[in-house]
2 protein chains.
Amino acid sequence: MKKARANSTLSDVAKAAGVSASTASRALNGLAQKYRISEATEQLVKQSAERLGFRPSQVARSLRLQRTGLLGIVVPDLSNPFFSAIAREVTVAAGEEGFSAIIADSDGSVEKERELIEQMEARNVESLVVCPIGLDFAHLEAAASRGLPLVTVDRCQANSSLVQVTSDHLTGAHQAIELLIENGHQRIGILQGLHGTLPSERRLKGVREALAVAGIDYDQKLVAGDSFTQESGYCSARQLLTESPDLTALFAMSTPNAFGAFRAASELGRKIPENLSLICFDDVAFVEFMQVPLTTIAQNVPELGRRAALLATEQMQSGKSPRTKMHKVPIKLIQRASVGKVPPL
Amino acid sequence: MKKARANSTLSDVAKAAGVSASTASRALNGLAQKYRISEATEQLVKQSAERLGFRPSQVARSLRLQRTGLLGIVVPDLSNPFFSAIAREVTVAAGEEGFSAIIADSDGSVEKERELIEQMEARNVESLVVCPIGLDFAHLEAAASRGLPLVTVDRCQANSSLVQVTSDHLTGAHQAIELLIENGHQRIGILQGLHGTLPSERRLKGVREALAVAGIDYDQKLVAGDSFTQESGYCSARQLLTESPDLTALFAMSTPNAFGAFRAASELGRKIPENLSLICFDDVAFVEFMQVPLTTIAQNVPELGRRAALLATEQMQSGKSPRTKMHKVPIKLIQRASVGKVPPL
DNA sequence: CTGAAAGCGCTAACAC
DNA sequence: GTGTTAGCGCTTTCAG
C-alpha cells in the first residue's frame, strides 16, 4: 500500500498559492465576491487546492462552526426490512438536506439504545431519529429535554411530549377486521405484537371498535402473542387454531407474525385462503410473491422515514420543536389473495 | 422545548473542580495512575464532571488526536435485505471495535457512490466498507491508494488490488447445477445478474463447469437477464419458458430474480416443483416461509459483513494492507422444496 | 483587497 | 502531583 500521505491542509494550499489561510478559506468558500478578492487570487487558490487534492477537514470545520452536519439513526434491528427501509429513507432525506447519517443498531435492547444515544450525543449529532425498542422512553425524553432535536418513529408513546411519527394503526386494524367481516368472518383470531407498545395497543383498539360496529363480541380467548416476531406468530397461531378450531380468519400484527401463522396453519392442515383467511399489518416486498400473496395493511414505510428525517432537520434548523407532536401517516389496505369468503357451512 | 443549553466543556469541569484542564483531562481519561494524581483530586474532578453532565466533545478530540473513530459504509440500496444485513453486521462489528458507523446509500449510481466516498473522506473516516455498484472501480482504487483502508464486499473485481470479500460464487453455482442434474434435469435455464460483475461472471462459470462435468452442452439460448432485480427475473423467466418450453429447471442468480421467476412461472401455468424446479442464490429470511420454500445457495451474509468490518479495522490499526486481498466466504446449499425430480416422460 | 490573530474543545510535551 | 503552553485545521472578526 502506498504511504498514507496525510491530506493537505488549508494552510498548505495557502502557502502554495502565496496567500494567507484566511484568503484561501474565503476563496474556496465562495466568499470571493463578498470580500472582493481579485479574480486572479481566487483562481490561483482554487488551482492550488485542486492540484494538492485538498479536501477541507470536516472535523476542524465542525469544531470551529459548532455544527457537525451529522444526523443520528438508531434502530432495533437493521436487518429487519421494516427498519432498514426507514433507515434508508432517513439517510437519503438527510443527505438531501446536507447531512451525513450515523447509524447504530440497538439490537432490541433498551440498555444499548441508551448507550448508543449517549455516544451520538458525544459525537454532537445535530438531530436524532430513533425507532425505539418500545417500552422505556425516559432516556429519550431526557435527551430531548437537553435540547437535542429528536424524533421517534413507529413505536411511539401516547402520553409523551416527544415528536413522533407513526402509522394510523387504529384505522388500519379497523379496516382489516372490517374486510374480514365483509367476507363473512365472525370468529377472528388476533396475533398480537409486543404489549405496551403503541402500535400493538392501537391496533387492538381498532379491532375492538370494528367488532363492536358489527355487533360481534370481543372474545379475549381469541387473542394471543406478545411479540412482533415470527416465533410468536407461530406459537400463538398454533394455540389459537388448536383451542378454537372454529376460527375462520387470523389478523396478524406483523409480517413475521403472519409467516409464523402460515407455518402453523399448514402444519394443522388449514389451507389459505380456502378454509382460513389471513391478513396482516406491514407490507414488505416479498409478501406479494408468496404463492398465496398476502392481503395486508400496508404502512407507508418510506413516508415514515422521510417525515421523521424532515421533522428532525426542520427542528434543528428552526431551533424549535414543531407544534404537532404526533404525526400519523395513513395506511393502505392492499387486497391480494389471502382473504377469502367464509365457506358456507 | 427547553433552551438548548450547550454541553459543558472540559474547562468548565476543571474550573468547577478548581484544577487545570490538563489535570481534569487526565483524571477523566483514567490516567490518574500514570500521572500520580491524588485520589482526592481525581474524585473531585469526576464528581464535577458528573454533576455538570459533562460529555467530552468527540469533535475536539478527533481534531486533536487525528482519529475520528468513524467507519464509513456505502451500499447501493439499504432497503435491500442483502445489503442491510451486511450493513448491520458492519455497524455492530465496528461498534465492538469502538467505532461509530456512518452510512450512505448510493442508490445504485456509480456517480453518487463516488461523491459519497468523497464526503466520507472529508469526514475523515478511518476506514471504509463499500458494496460497490459494481462496474467502475477507479474511484475506489484511488481512495485506497490515497491511504484509506478500504474493503469492498460482494461485487468485487477479479484483477484489482483492493481488499475484497465475497462469496464463493463459483462453487455455489456449481453445486446448484449439480443438484439439479442429480434430480434428472438436463434443460436448465439461467437467470443472470448484472453482466460484468464478479458474482454474475463467477456464477456463470460455475454453471458451465458443472454442466461440462455432466457432459451437458452449455446452451447460450438458455441464459437470459442482466440485473439482480425482480423485474429482470420476471422478464427473462417468461422469455426462457416461452422460447424453450422443454426447460425443467431454473437457476436464479438472486432472490429477487427468483421471485420474478415465480410470478412468470405461475402466469405460464407451471407449478413449482411439480413441473418446474427453481433454485436461487442468496437466502433471505422470507424464502423459507413461501408456500413452496425455496431451495437456495445461501451466502453467509452476516459473515460477509463481519469479515469486511474486521479487515477494515485491522487494516486501519496495523496501518498496512493484509497480504490476502481476495477473501472468499463459503456458501451453503439449503435444500427446501422448490427443486423436484424431473418428471418421467 | 488581504493578513494577523483568536479561538472552537481537547490532549500531550514540557515545565516545576 | 499539577499547571502552562502549544497546536490539531478551520473560520472570522478586526485591522489596514
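Basis for what follows: all heavy atoms, side chains included, without hydrogens, waters or symmetry-related copies. We name chains A, B, ... by the order of the sequence lines, and we start the count at 1 in each one. Keep in mind that what you see is a predicted model, and the values were worked out from it rather than measured.
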Euclidean distance, atom [atom1] of residue [X] to atom [atom2] of [N] [Å, nearest integer]:
X     : N      : atom1 : atom2 : answer
B/K15 : C/dG9  : NZ    : P     : 11 Å
A/L52 : D/dG9  : CG    : P     : 14 Å
B/L65 : C/dT11 : CG    : P     : 7 Å
A/L63 : C/dC10 : CG    : P     : 9 Å
B/L28 : C/dG9  : CG    : C1'   : 13 Å
A/R67 : C/dG9  : CZ    : C1'   : 18 Å
A/Q58 : C/dC8  : CD    : P     : 20 Å
B/R61 : C/dG9  : CZ    : C1'   : 11 Å

Revision key, fill the gap. Ranking B/A60 and B/L31 by the position along DNA chain C of their nearest nucleotide, the one closer to 5' is B/A60

Would you indicate what [X] reaches in the nucleic acid, counting non-hydrogen atoms under 4.0 angstrom: base, sugar-phosphate, or nothing?
X     : answer
B/T41 : sugar-phosphate
A/S57 : sugar-phosphate
A/L10 : base

With a 4.0 Å limit, can you tell me whether [X] has a side-chain N or O closer than that to the phosphate oxygens OP1/OP2 of [N]?
X     : N      : value
A/R64 : D/dC10 : no
A/T9  : D/dG9  : no
B/Q66 : D/dG9  : yes

Check your understanding: Would A/E50 and A/K46 pass as an ion pair if we require N to O under 4.0 Å?
Key -> no

Practice item. Identify whether the distance between the nearest side-chain nitrogen and carboxylate oxygen of A/R146 and A/E121 falls below 4.0 Å. Key: yes

Review point. Mapping A/V59 and A/T23 onto DNA chain D by nearest heavy atom, which one lands closer to the 5' end?
Key: A/V59

Point to revise | Proximal nucleotide (of D/dC10, D/dG3, D/dT12) relative to the A/S22 side chain | key: D/dT12

Check your understanding: Do B/S38 and B/T41 pass the side chain to side chain donor-acceptor pair (under 3.5 Å) test, and can you show the C-alpha distance, the side-chain angles, and the key distance before you say yes or no?
Key -> CA-CA 5 Å; B/S38 71; B/T41 317; 2.4 Å; yes

Exercise for review: Report the C-alpha separation of A/D77 and A/S79 in whole Å, then their side-chain angles, then the decisive distance to 0.1 Å, and conclude whether the side chain to side chain donor-acceptor pair (under 3.5 Å) test is met.
Suggested key: CA-CA 5 Å; A/D77 177 9; A/S79 67; 2.7 Å; yes

With a 3.5 Å cut-off and heavy atoms only, can you find an N or O donor on one side and an acceptor on the other between the side chain of [X] and the base of [N]?
X     : N      : value
B/S38 : D/dT2  : no
B/S25 : C/dA12 : no
A/R26 : C/dG3  : yes

Review point. Within a strict 4.5 Å, meaning less than it, do heavy atoms of the A/L71 and A/E97 side chains meet?
Key: no

